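We count residues from 1, following the sequence as given. What you see is a predicted model, and the numbers here were worked out from it, not measured in a lab. Remember, it's 1-based here, ligands and their atoms both numbered in the order they're listed.
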Amino acid sequence: MKKEKISIIVPCYNEEKAIPIFYQEISKIAKEMKKCEFEFFFINDGSSDKTLEVLRELSLQDERVHYLSFSRNFGKEAGMYAGLSHVTGDYVAIMDVDMQDPPSMLPEMYRLIQEENFDCVALCSPSHKGYSFVRKVFTNCWYKLIEKISSTPQVPGARDFRLMKRKMVDAIVSMSEYNRYSKGIFSFVGFDTKWIEYEAPERVAGNSKWSFWKLFRYALDGILAFSTTPLVLSAFVGLLFCLIAFITILFIIIKTLIWGDPVSGWPSLVCIIVFVSGIQLFFFGVMGMYLSKLYMEVKGRPIYIIKETDEDFKKS
Ligand code: UDP
Ligand code: MG
C-alpha cells in the first residue's frame with residue numbers, strides 16, 4: 001500500500017540553535033509514524049546567523065530535508081506561503097522551529113484527520129501563558145474587537161501550528177494576496193477544522209522575533225485584511241456629525257432670532273473646530289491605511305524571493 005506523505009513546513013529566522021533540536025525530535029516522531037512518509041521543508045527567511053549552513057548540512061545528510069533560502073527577511077507569513085506553494089504531501093503541517101509547536105502532537109493530529117475525517121487539525125493556546133500583562137490585555141481586546149467587526153471568525157490564541165489536507169492547502173495557495181494574514185486566510189477558506197487547546201511551552205533556544213510594535217502592526221494588519229468596518233464607521237460618524245451640525249445651526253438661528261447676540265461663544269467654536277478636524281484627520285488616516293494596502297496589492301510585488309534551494313546547493 002502506498003504510504004501517505006506528510007510535508008512539514010518550518011519557517012526559520014536566525015534559528016541555528018533550535019534547528020538541530022527540532023530536527024532530532026521530528027525525526028523521532030517520523031520514525032514512530034510508520035504509515036507515513038515525510039518531507040521537511042525549512043524556509044530560511046534571510047537569517048544572518050548560521051541557519052543556512054545548518055540547513056545545507058541537514059539536506060546532505062537526509063534526503064527528506066529540503067530548504068528554500070530567501071534573498072532577505074520577508075517575514076513568517078511569506079515563509080509559510082513559500083512552503084505551502086512548494087510542498088508535495090497529501091497532508092501538510094506548519095510548525096515553528098522553536099519547539100513551541102511540539103512535534104509529539106503530530107500523531108494525534110494525524111489520527112484525528114484520518115479517523116474523524118476533519119480537513120484540518122489546528123492548535124490554539126488561549127491561556128497566553130508567558131505573555132506580559134499588557135500584551136495579554138491587548139490580545140484579549142483584539143480578539144473581542146475582531147469578533148465584532150469581521151465576518152471571518154478568529155479563534156482566540158490560534159497558532160499557525162496545523163495539519164491540513166491537500167485540498168485546503170490548494171485553497172490557501174490560491175489566495176495569493178500580498179498583504180498576508182494567514183490566521184484570517186485559514187479561517188476564510190473554510191473546511192472542517194478541529195481545534196485542540198494546549199499550553200504552548202517556552203521556546204527552546206534563541207529569542208522571539210516579535211517586539212510589541214511588530215505585534216501591534218500585525219494586529220492592525222489583521223483588522224485591515226479582514227474587516228472594512230472602520231471605513232463604514234467613518235461614514236456613520238460623518239453622518240452623525242452632519243446631524244449634530246444641523247441641529248446646532250437650527251438652535252443658533254432660533255436663539256439669535258429670539259435673543260439677538262450672535263457673536264458670543266467663540267471658545268466653544270474653537271473647541272468644535274479642533275474636535276471635528278481631529279475626527280476628520282483620524283478617518284483620513286484610516287482611509288490612508290486601506291489605501292496603502294491597496295497600493296501594495298496593486299503593485300503585485302513578489303511575496304518572497306528565493307536565493308537558494310537545496311537542489312541548487314546539491315548541484316553546485
Ligand atoms: N520567523 C520567520 N521570519 C520572521 C520571524 C520569525 O520565519 O521574520 C519564524 C521563527 O524562526 C519561528 C517562527 O517564525 O520558527 C515563530 O517565530 P517566534 O518564535 O519568534 O514567534 P512567537 O513564537 O514568539 O510568536
Ligand atoms: Mg516561538
Could you walk me through whether Glu108 and Lys194 satisfy the salt bridge (charged side-chain N to carboxylate O under 4.0 Å, His left out) test, starting with their C-alpha distance in whole Å, then the side-chain angles of each, then the deciding distance to 0.1 Å, before giving a yes or no? CA-CA 12 Å; Glu108 173 63 7; Lys194 164 87 180 167; over 6 Å; no

Is the number of heavy atoms from other residues, nucleotides or ligands within 6.0 Å of CD (Glu311) greater than 12? no

Given Lys76, which of Asp45, Asp98, Asp96 fulfils the salt bridge (charged side-chain N to carboxylate O under 4.0 Å, His left out) condition? Asp96

Name of whichever N/O/S atom of Asp98 is nearest to the Mg ion (ligand 2): OD2

Set of residues that line ligand 1, where lining means a heavy atom lies under 4.0 Å from it: Pro11, Cys12, Tyr13, Glu15, Asp45, Asn73, Gly75, Lys76, Asp96, Val97, Asp98, Gln100, Arg203, Ser208, Lys209, Trp210

Answer yes if the ring centres of Tyr67 and Phe41 are under 6.0 angstrom apart, and no otherwise. no

Within the 6.0 Å centroid threshold, strictly below: Phe138 and Phe212: yes

Tell me if the CZ atom of Phe188 is crowded by more than 12 foreign heavy atoms within 6.0 Å. no

